[in-house]
There are 2 protein chains.
Amino acid sequence: MMLSRASKYAILSTLYLAEHASENRKISVKVIAESIDVPSPFLAKLFQQLVKGKIISSTKGPNGGFYLTKKNQKKNVLDIIENIDGLNRINECFLGLSECDGTNPCPVHFIVEPFKNSILGKFRDKNIMEFSQEIVSKGRKLTIKDISTEINS
Amino acid sequence: MMLSRASKYAILSTLYLAEHASENRKISVKVIAESIDVPSPFLAKLFQQLVKGKIISSTKGPNGGFYLTKKNQKKNVLDIIENIDGLNRINECFLGLSECDGTNPCPVHFIVEPFKNSILGKFRDKNIMEFSQEIVSKGRKLTIKDISTEINS
DNA sequence: ATATATTAAGACCTTTTTATCTTTTATATA
DNA sequence: TATATAAAAGATAAAAAGGTCTTAATATAT
C-alpha cells in the first residue's frame with residue numbers, strides 16, 4: 001500500500017509537464033529535475049519508461065524535450081503508477097498478509113480498504129490534465145525540495 | 001506512509017506471542033518463524049531489537065524463548081512500528097512532498113490524513129493483548145503464508 | 001551538410017533492506 | 001557440574017531500490 005520513490009518522482013514530474021509543457025514548449029529532464037528537486041539521471045530513466053508506456057512524449061535534439069500530447073493528457077495518475085511500480089505493490093495488504101480480503105481480513109483491513117478505494121478513485125477519475133488543473137487552480141506547489149536542507153547549504 | 005517488511009514481521013510475530021506464549025510457555029524463534037512463515041534468522045534479529053526496546057522479553061537456554069510480561073502486554077502496535085521503522089516513515093507524505101500539511105497539502109492530503117489518523121488510532125488505542133484478543137475472538141488467522149506457492153512446492 | 005542539443009540505451013555503482021551464518025553467552029535440568 | 005538448548009551478537013551475503021555515467025541515436029536549427 002505505498003508508492004516507490006520512483007513512482008512519486010514520475011507523478012510529480014508528469015504533473016509538472018501537464019502544467020508547463022506543450023507540443024511547442026518541450027521541457028528537458030534537466031529543467032524538470034531542478035524545478036522539483038529530483039536526481040536528473042534517475043528521472044531520465046523514469047521518463048524513458050513513461051515514453052515507452054505512451055504516458056508522456058519526447059523529441060530529441062535542439063528545442064526537444066518532454067511534453068504531453070492530447071492523448072497523453074487523457075492518461076491518469078494510476079497509469080503512471082501502474083507503469084512504474086505495477087499494480088501489485090499498491091494492492092498489497094497493509095500488514096503483509098498473503099490472503100487478506102473481506103472474508104479473511106487483517107486487523108486493519110476495514111480501515112485500509114475504504115482508503116485504498118478512495119485514493120485509487122482519485123487517481124483514476126480525473127485525467128492528468130484535469131488533475132493538474134485542479135492543483136493549479138488551488139495554487140498548490142508540488143516539490144520535494146526540503147527547505148530545512150537549503151538552510152544548511 | 002507504509003511499513004517495512006521488518007515491521008510487518010515484527011507485528012505479526014509479537015501478536016503471535018500475545019496469543020500463544022506466556023511466562024511459563026516461552027516460544028522459540030524457530031517455531032514462530034515456521035508458524036507465520038517468516039525467515040527465522042531475520043526474525044531473530046528483529047526480536048533481539050524488540051527485547052532491547054522492552055516490547056517483548058526473552059530467556060536463553062532450555063525451555064527458553066520469547067514471551068510477553070505483563071508490562072510488555074501494555075505496549076501497543078505503534079510501539080513496535082516505532083521500534084523497528086521509527087515514526088518518520090509512517091508520517092511521510094504519500095506523494096513524497098517535503099512540506100505537506102493542512103496549509104500546503106498535496107493532492108491527496110485530505111484523503112490520506114484521516115486514514116493516517118484512523119490507523120494510528122487503531123495501533124495506539126488498544127494494547128498488544130487487547131489487540132490480540134480482538135483478533136482471536138474474531139477467529140482471524142494472521143499469516144503471510146501464500147497458499148498458491150504451497151501448491152507449487 | 002554540419003553542429004548541437006537533447007533523448008535513448010545500457011552498463012555500472014551505491015545504499016538500503018532483507019536475509020544468513022557463525023560464534024558466544026546464559027540457563028535449565030539431568 | 002556437564003550438557004543441551006536457546007537467545008545475543010556480530011560478521012557477512014544477497015537482493016532490491018535508488019542513482020550515475022558513458023556512449024549512441026536522432027531531430028532541429030543554422
Side-chain angles (χ1 to χ4, degrees), chain A residues 2-10 12-14 17 21 23-34 36-69 72 81 84-86 88-89 92 96 144, chain B residues 2-14 17 21 23-34 36-68 72 81 84-86 88-89 92 96 144:
Chain A
M2 212 208 18
L3 306 180
S4 66
R5 202 180 289 186
S7 259
K8 291 172 186 171
Y9 290 172
L12 299 178
S13 303
T14 303
L17 287 182
E23 305 235 9
N24 51 352
R25 186 187 172 78
K26 294 156 191 168
I27 304 186
S28 72
V29 165
K30 200 160 160 283
V31 168
I32 300 170
E34 280 168 10
I36 62 175
D37 197 37
V38 147
S40 83
F42 191 47
L43 183 57
K45 284 267 107 144
L46 295 173
F47 268 8
Q48 260 182 55
Q49 197 176 329
L50 292 174
V51 169
K52 275 191 202 158
K54 299 188 190 300
I55 291 165
I56 67 176
S57 300
S58 69
T59 57
K60 298 176 179 179
N63 293 313
F66 296 91
Y67 61 100
L68 304 180
T69 61
N72 293 151
I81 296 169
I84 302 292
D85 283 346
N88 280 351
R89 181 172 185 141
E92 269 167 4
I144 64 173
Chain B
M2 212 210 16
L3 306 180
S4 66
R5 200 180 290 187
S7 259
K8 292 172 183 169
Y9 290 172
I11 292 169
L12 299 178
S13 302
T14 302
L17 287 183
E23 306 236 8
N24 51 352
R25 186 186 172 77
K26 293 157 191 167
I27 304 186
S28 72
V29 165
K30 198 158 162 286
V31 168
I32 301 170
E34 279 168 10
I36 61 175
D37 196 39
V38 146
S40 82
F42 190 48
L43 182 57
K45 285 268 107 145
L46 295 173
F47 268 8
Q48 261 182 52
Q49 196 176 330
L50 292 174
V51 169
K52 275 191 201 157
K54 299 189 190 301
I55 291 166
I56 67 177
S57 300
S58 68
T59 57
K60 297 177 179 179
N63 295 313
F66 296 90
Y67 61 99
L68 304 180
N72 293 151
I81 296 169
I84 301 292
D85 284 345
N88 281 351
R89 180 170 186 142
E92 269 166 4
I144 64 173

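Here is how names work: the chains are called A, B, and so on, in the same order as the sequence lines, proteins then strands, and each is numbered from 1. Both backbone and side-chain heavy atoms feed into the values below; hydrogens, waters and symmetry mates do not.
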Would you list the atom pairs, donor with acceptor, under 3.5 Å between side chains in residues 44-63 of chain B and any protein atom, with sequence neighbours excluded?
unit_1: Q49(B); atom_1: NE2; unit_2: N83(B); atom_2: O; d: 2.9
unit_1: S57(B); atom_1: OG; unit_2: N72(B); atom_2: OD1; d: 2.6
unit_1: T59(B); atom_1: OG1; unit_2: K26(B); atom_2: NZ; d: 3.3

Practice item. Using a 4.0 Å heavy-atom cut-off, write out nucleotides 15-26 of chain D from 5' to 3' as B (base contacted by protein), S (sugar-phosphate only) or - (no contact). Key: ---SBB----BB

Point to revise | For DNA chain D, the residues among residues 46-58 of chain A that have a non-hydrogen atom under 4.0 Å from it | key: none

Review point. To the nearest angstrom, how far is M2(B) atom CE from dT18(C) atom C1'?
Key: 14 Å

**Study point:** G64(B) or G64(A), whichever maps to the more 5' nucleotide of DNA chain D
**Key:** G64(B)

Check your understanding: Looking for any heavy atom pair under 4.0 Å, which part of the strands does I84(A) touch: base, sugar-phosphate only, or nothing?
Key -> nothing

Study note, to complete from the structure: Note: R89(B) and M2(B) closest approach over all heavy atoms is NE-O, 3.0 Å

Check your understanding: Can you check the F66(B) CZ to dT27(C) P distance for me, whole Å?
Key -> 14 Å

Check your understanding: Taking only residues two or more places apart in sequence or in another chain, which ones pass ring-ring contact (aromatic ring centres under 6.0 Å, His included) with F42(B)?
Key -> Y9(B)

Study note, to complete from the structure: Whole-Å distance, K26(A) NZ to dT4(C) C1', equals 16 Å

Check your understanding: To the nearest 0.5 Å, how far apart are CD1 in I84(B) and CD1 in I11(B)?
Key -> 9.0 Å

Review point. Does the side chain of N63(B) get closer than 4.0 angstrom to OP1 or OP2 of dT29(C) through an N or O atom?
Key: yes

Check your understanding: Can you name the side chain to side chain donor-acceptor pair (under 3.5 Å) partners of T14(A), sequence neighbours left out?
Key -> none

Practice item. Identify, between T59(A) and P62(A), the residue whose nearest nucleotide on DNA chain C lies closer to the 5' end. Key: P62(A)

Practice item. List for me each residue that meets side-chain contact (heavy atoms from CB on, under 4.5 Å) alongside E34(A), sequence neighbours excluded, and say none if there are none. Key: K30(A)

Study note, to complete from the structure: Sequence neighbours excluded, the answer for side chain to side chain donor-acceptor pair (under 3.5 Å) partners of S4(A) is D85(A)

Point to revise | Counterpart residues, side chain to side chain donor-acceptor pair (under 3.5 Å), relative to N24(A) (two or more places apart) | key: S22(A)

